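Encoded as structure tokens, the structure appears first; notes follow it.
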Amino acid sequence: MPQRRLIPITCSDILFEYKLSGKGIYLARYARIIGWGKYLPQKVLTNQELERLVNTSDAWIMSRTGIRERRIAADDETASSMAVHAARAALKVAGLEPHCLDLVIAATCTPELIFPACAALIQNSLGAKNAAAFDINAACSGFIYALATACQFIAAGAYNNILVVGSEVYSRILNWKNRNTCVLFGDGAGAVVIQASDAPPGSLSFVLGNDGSRANSIYTPGPCGLNKGPYYITMNGPEVFKFAVNVICLATKQAVKAAGLELSDIELLIPHQANTRILKSAAKAIGLPLEKVFINVDRYGNTSAASIPIALCEAIEEGRLKEHDHLVLVGFGGGLSWAAMVIEWGPRPKKL
Ligand SMILES: CC(C)(COP(=O)(O)OP(=O)(O)OC[C@H]1O[C@@H](n2cnc3c(N)ncnc32)[C@H](O)[C@@H]1OP(=O)(O)O)[C@@H](O)C(=O)NCCC(=O)NCCS
């Protein structure tokens, strides 16, 4: 197995006011995405419908966020049930039976139970009886945190086939009378199956970070805390906006450098989908043309940990990725957390 390379990031990488802690890590045994799937609930909630709920307008929402509509889970849908739909689609693309999975990791902050984990329910519904299962909560950065965690099990030689899902039902933690938050979020799920490979293509590098001193910039209280509820999202929008633009830029640059690449080598950036203005500002700050940035927030709003796998799935379905393209996934959100991963796109490995 090749030696692990640790590439330290120097102070000259710190271009803005936010400093990133941690190192860019170069991965030595590769994780290749061999399956992908998504699930969006049927119910569409348009900006026009929101105009009837709160004092807002389609024009305001479109101009400030780029969101036109979002999906809302049915009463009988949960994070695990939506994740199972996305996971089944991903397994089908991968051509893998559920019993071949070694591990199921679910990224979510809206699980239906405090315990057991959402991943445990997904494992059972799929019949993935040989898989370990656990959840990761890193808010909207959760999917990349989960993917980077999965890559560690592969890099260590522990596991070969891992299901990573992001699934959220934010509609259940929104105050539908608060226009500051209820227009921004939506429900959905996305999943990937990753498989070990001793050679690229596959995951090349990642960056994970968190600034817990700013945990109160965006949070949702829970039933085990001191707050007696109701348990709604609270957010300082402008502060999160500024953080997001800076951190997308910095984390992307760190991950690209750790992969031994230049920004010009990147064919597609798939950022967490929160707001078109954030993504346009970040693309400008990075120096990437907007055509290289995948955006679908207009149709789904912010689906938190589900947004990146849903966007990845759509990018693949739209033919935006070809063999050996370099792709960056980048997320940000509650924590305040951030995460980025560089992947060389490629076909399923011939043998393990
Ligand atoms: C929330 C957000 C869209 C607000 O946009 P903004 O350009 O900062 O808003 P502005 O400061 O220009 O305007 C705020 C005003 O709009 C009002 N407003 C807020 N939501 C509104 C809505 N849905 N409809 C109409 N007006 C609204 C506010 O009450 C405020 O009014 P006031 O000035 O009279 O107090 C923006 O800050 C944002 O997207 N932040 C990031 C949020 C995010 O992505 N969170 C998740 C991260 S994972």
Side-chain angles (χ1 to χ4, degrees), residues 18 45-70 107-110 136-146 166-171 173-188 190 208-212 214-220 232-249 251 270-283 285 293 295-298 300-311 329-340:
Y18 298 104
L45 180 66
T46 62
N47 291 349
Q48 287 76 12
E49 288 169 288
L50 278 168
E51 287 175 359
R52 296 197 282 274
L53 288 180
V54 285
N55 181 16
T56 191
S57 65
D58 176 48
W60 192 96
I61 302 171
M62 278 303 290
S63 66
R64 299 301 215 285
T65 72
I67 300 167
R68 189 179 304 281
E69 60 189 38
R70 68 289 291 146
T108 184
C109 23
T110 49
I136 281 186
N137 177 347
C140 302
S141 309
F143 180 76
I144 300 176
Y145 263 75
S167 187
E168 302 281 17
V169 274
Y170 266 51
S171 60
I173 54 167
L174 287 171
N175 178 354
W176 288 99
K177 293 181 178 155
N178 182 351
R179 68 180 184 174
N180 291 308
T181 50
C182 78
V183 304
L184 302 177
F185 297 91
D187 301 335
L208 304 179
N210 194 72
D211 177 4
R214 301 172 73 195
N216 64 359
S217 299
I218 176 167
Y219 67 95
T220 304
Y232 294 140
I233 291 182
T234 301
M235 181 185 74
N236 180 334
E239 192 179 316
V240 175
F241 190 107
K242 203 170 154 200
F243 162 78
V245 173
N246 282 290
V247 91
I248 292 173
C249 179
I270 300 187
H272 168 50
Q273 307 285 314
N275 179 319
T276 308
R277 278 166 56 221
I278 290 177
L279 302 186
K280 285 183 176 167
S281 304
V293 181
I295 300 179
N296 66 0
V297 69
D298 52 319
Y300 306 130
N302 180 342
T303 57
S304 190
S307 90
I308 290 175
I310 292 171
L329 308 178
V330 60
F332 55 90
L336 290 174
S337 62
W338 60 91

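Just so you know, these numbers use all the heavy atoms, side chains as well, and skip hydrogens, waters and symmetry mates. Each ligand, and each atom within it, is numbered from 1 in the order the structure gives. This is a predicted model, so every value here is computed, not measured.
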- Item | Verdict with supporting geometry, Met235 and Asn180, side chain to side chain contact (heavy atoms under 4.5 Å, CB included) | CA-CA 8 Å; Met235 181 185 74; Asn180 291 308; 5.6 Å; no
Evaluation steps, side chain to side chain donor-acceptor pair (under 3.5 Å), between Thr110 and Glu168:
CA-CA 6 Å; Thr110 49; Glu168 302 281 17; 2.6 Å; yes
Hey, mind stepping through Tyr170 and Ser304 against side chain to side chain donor-acceptor pair (under 3.5 Å) and telling me if it holds?
-> CA-CA 8 Å; Tyr170 266 51; Ser304 190; 2.9 Å; yes
Report, as yes or no, whether the 6.0 Å neighbourhood of atom CZ on Arg277 holds more than 12 heavy atoms from other residues, nucleotides or ligands. yes
Side chain to side chain contact (heavy atoms under 4.5 Å, CB included) filter on Thr276, not counting sequence neighbours, yields Lys280, Ile295, Val297
Scanning both residues in full, the closest heavy-atom pair of Gly188 with Thr303 reads N-CG2, 4.3 Å
Expected contact list for ligand 1 at under 4.0 angstrom, heavy-atom basis, is Asn55, Thr56, Trp60, Arg64, Thr65, Cys140, Arg179, Asn180, Val183, Ile218, Met235, Gly237, Pro238, Val240, Phe241, His272, Ala274, Asn275, Arg277, Ile278, Asn302, Phe332, Gly333
